[in-house]
Trainee: 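One structure, pasted below without further comment.
Residue numbering restarts at 1 for every chain, and letters A, B, ... go by the order of the sequence lines.
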Number of protein chains: 2
Amino acid sequence: MENQDLKRVGLKVTLPRMKILEILEMARPRHLTAEDIYRLLLESGEEIGLATVYRVLTQFEAATLVQRLHFEGGQAVFELARGHHHDHIVCSECGHVEEFYDEVIETRQKVIAREHGFEIRDHSLILYGNCQHENCPYRNVE
Amino acid sequence: MENQDLKRVGLKVTLPRMKILEILEMARPRHLTAEDIYRLLLESGEEIGLATVYRVLTQFEAATLVQRLHFEGGQAVFELARGHHHDHIVCSECGHVEEFYDEVIETRQKVIAREHGFEIRDHSLILYGNCQHENCPYRNVE
DNA sequence: ATGTATGCAAAACATTTGCACCTGG
DNA sequence: CCAGGTGCAAATGTTTTGCATACAT
C-alpha cells in the first residue's frame, strides 16, 4: 500500500524509503528525530546511512507524507502525516508529546492573520509544560 | 537606565552587554539573529566576538531581558522583552514579522493543557503566511 | 540502459566551550 | 585585587552535499 504512496508522489520504491515509512508507521511515540529513525533502522538490521534518512525525510516532507516539527532543543522531529492537522503539547521534563486540535484556536488564527493582512499558509503551535503522564520519570517530582 | 537592568539581574555592566542591549532597543525590526547583532556591532565599530554575542544573549534570556524565538530556518531570533507576552506572524516571503496577542487563544491553550493533564509553562505560536506589507518584495507577485 | 538513489566522507551551519588575557567594582 | 567577562580558535551537534557506485524501471 505504501508503495503506492511513494509512486504517487513520484519517488522510486526503494528499500530505504519503504523501511523509513514502515518505521514512521510503527513507531510509538510517533515523533522521531532523524537520529532516532537511523538508530531504529540499524537495530532492525538495515544498513542505511544517516544522510539517506535526512534526504528521504526531506523528500517525504516535500510530498507531505511527513511533517517536520521544531520542538525546543535543536533537532527536528518527524511525524507521519495522517491527513488531519493537529498541534502539540510537549512535556519539558520527559519529552512526552500529546496532540490536540482546537477549532476555536484555528478560527482565531485565521481571523488574526486576516486582520494583519496576511494570507495564512501554515502555523506552528506548541505548548510546553509538565505532564502528569504515568511514564513521565519526573512525575510528581518537586 | 539599562545599567540598572544589568545590575538587577546580577550581571556586570560591560561594554559588550550595554552595546548589545542598545542594539536590541534601537533595532527595527525588533527580531534579530545573533549574526545580525554581531554584524550591527561591527558596523558601529565595536570589536565584539560572535561567541560573546551568543553568551550575552543566553544570559539575557536567562534573566528574561530577551526572548529567544525559533522561526523556520535554523537560526534563532532574539527580541528585547517588553513585559507583555505576544505571538508572531511571519511572512514566508520577505521575513516581515508582526506581533499579536489574543486573549481567546491564550485562554483556550490553558484549558487544553489542563484537559491533557499538563501544567503549562510556556508556548510558541507562530503563523506563517504572505504579508501584503508595502516593504514586502514579493507583494502581489504571483 | 539510464536516470535516480544511496553510502560515505567531507562540508556547511549554528551554537558552545576551553583557555589565556583583560576589566569592572 | 580578583571574580567574572571577553576574544579567539577549536569543538560540538545537526543537517547538507559531492561524488563514485548501485539500483529501480
Side-chain angles (χ1 to χ4, degrees), chain A residues 2-23 31-42 44-63 65-79 95, chain B residues 2-23 31-42 44-63 65-79 95:
Chain A
E2 46 216 32
N3 303 23
Q4 318 299 32
D5 289 344
L6 290 175
K7 280 182 185 149
R8 181 166 47 75
V9 300
L11 295 173
K12 283 186 182 171
V13 179
T14 65
L15 193 130
R17 300 215 256 239
M18 286 191 337
K19 286 293 173 191
I20 290 172
L21 213 41
E22 195 178 298
I23 281 178
H31 307 84
L32 304 173
T33 64
E35 205 69 60
D36 287 338
I37 294 169
Y38 177 61
R39 189 172 30 70
L40 289 167
L41 286 167
L42 293 189
S44 74
E46 302 297 335
E47 295 277 317
I48 294 173
L50 181 56
T52 299
V53 174
Y54 274 106
R55 269 187 293 233
V56 167
L57 288 171
T58 302
Q59 293 161 337
F60 283 4
E61 185 192 19
L65 289 176
V66 312
Q67 221 201 322
R68 186 191 302 248
L69 301 166
H70 298 279
F71 295 164
E72 283 176 339
Q75 38 211 324
V77 301
F78 299 84
E79 147 185 40
Chain B
E2 46 217 31
N3 303 22
Q4 319 297 31
D5 290 344
L6 290 175
K7 279 184 184 146
R8 181 167 46 75
V9 300
L11 296 172
K12 281 186 184 173
V13 178
T14 65
L15 193 130
R17 300 216 258 239
M18 286 194 331
K19 286 294 172 191
I20 290 172
L21 213 41
E22 195 178 298
I23 281 178
H31 307 82
L32 303 174
T33 64
E35 205 70 58
D36 287 337
I37 295 168
Y38 177 61
R39 188 172 31 71
L40 290 168
L41 286 167
L42 293 189
S44 74
E46 301 298 335
E47 294 278 317
I48 294 174
L50 182 56
T52 300
V53 174
Y54 274 107
R55 268 187 294 234
V56 168
L57 287 171
T58 301
Q59 293 161 337
F60 284 3
E61 186 191 18
L65 288 177
V66 311
Q67 220 200 323
R68 185 191 303 248
L69 301 165
H70 298 278
F71 294 163
E72 284 176 339
Q75 38 212 323
V77 300
F78 299 85
E79 148 184 44

Trainee: Indicate yes or no for a side-chain donor-acceptor contact from B:R17 to the backbone of B:V56 under 3.5 Å, with no hydrogens or angles considered.
Mentor: no
Trainee: How long is the straight-line distance from CD of A:E22 back to CD1 of A:I37, given to the nearest 0.5 Å?
Mentor: 12.5 Å
Trainee: Rounded to whole angstrom units, what separation is found between the CD1 atom of A:I48 and the C1' atom of C:dA5?
Mentor: 12 Å
Trainee: Starting at atom CD of A:E72, determine the distance to atom P of D:dT14, rounded to an integer number of angstrom.
Mentor: 16 Å
Trainee: Just checking B:R55: base, sugar-phosphate only, or nothing, at a heavy-atom cut-off of under 4.0 Å?
Mentor: base
Trainee: Assign each of B:K12 and B:T58 to its nearest nucleotide of DNA chain C by heavy atoms, then name whichever residue's nucleotide is nearer the 5' end.
Mentor: B:T58
Trainee: Would you mind reading off the distance between B:L6 atom CG and D:dT6 atom P, rounded to a whole angstrom?
Mentor: 10 Å
Trainee: Please evaluate residues B:R8 and B:L65 with respect to the criterion side-chain contact (heavy atoms from CB on, under 4.5 Å), reporting the C-alpha separation (whole Å), side-chain torsions for both, the decisive distance (0.1 Å), and the verdict.
Mentor: CA-CA 11 Å; B:R8 181 167 46 75; B:L65 288 177; 4.3 Å; yes
Trainee: Compare side-chain N and O positions of A:R17 against OP1 and OP2 of D:dA24 and report whether any pair is under 4.0 Å apart.
Mentor: no
Trainee: If you pin A:G49 and B:H70 to their nearest nucleotides in DNA chain C, which one's is more 5'?
Mentor: A:G49
Trainee: Taking all non-hydrogen atoms of both residues into account, name the closest pair between A:P16 and A:T52 and its distance.
Mentor: CB-CG2, 4.0 Å
Trainee: In this structure, how many angstroms lie between the C1' atom of D:dT16 and the CD atom of A:Q59, rounded?
Mentor: 13 Å
Trainee: Are OP1 or OP2 of D:dC23 and a side-chain N or O of A:T14 less than 4.0 angstrom apart?
Mentor: no
Trainee: Passes side-chain contact (heavy atoms from CB on, under 4.5 Å), A:E46 versus A:L40? Steps please.
Mentor: CA-CA 9 Å; A:E46 302 297 335; A:L40 289 167; over 6 Å; no
Trainee: Find the distance A:E47:CD to C:dC8:P and express it as a whole number of Å.
Mentor: 7 Å
Trainee: Tell me the interatomic distance from A:M18, atom CE, to C:dA5, atom C1', rounded to whole angstroms.
Mentor: 14 Å
Trainee: Which of residues 34-41 of chain B sit near DNA chain D, with a heavy atom under 4.0 Å from it?
Mentor: none
Trainee: Whole Å only: how far is the CG atom of B:L11 from the C1' atom of D:dG5?
Mentor: 10 Å
Trainee: Base, sugar-phosphate or nothing for A:L15? Non-hydrogen atoms, less than 4.0 Å.
Mentor: nothing
Trainee: Within the 4.5 Å heavy-atom criterion, are A:F60 and A:L6 side-chain neighbours or not?
Mentor: yes
Trainee: Looking at every non-hydrogen atom in both residues, tell me the closest pair between B:F78 and B:T33 and how far apart they are.
Mentor: CD1-C, 4.4 Å
Trainee: Between A:F71 (CZ) and D:dT14 (P), how many Å, whole number?
Mentor: 16 Å
Trainee: 5'-most contact on DNA chain D: A:Y54 or B:T52, nearest heavy atom basis?
Mentor: B:T52
Trainee: Taking the minimum atom-to-atom distance to the side chain of B:A51, which one of D:dT25, D:dA9, C:dG25 wins?
Mentor: D:dA9
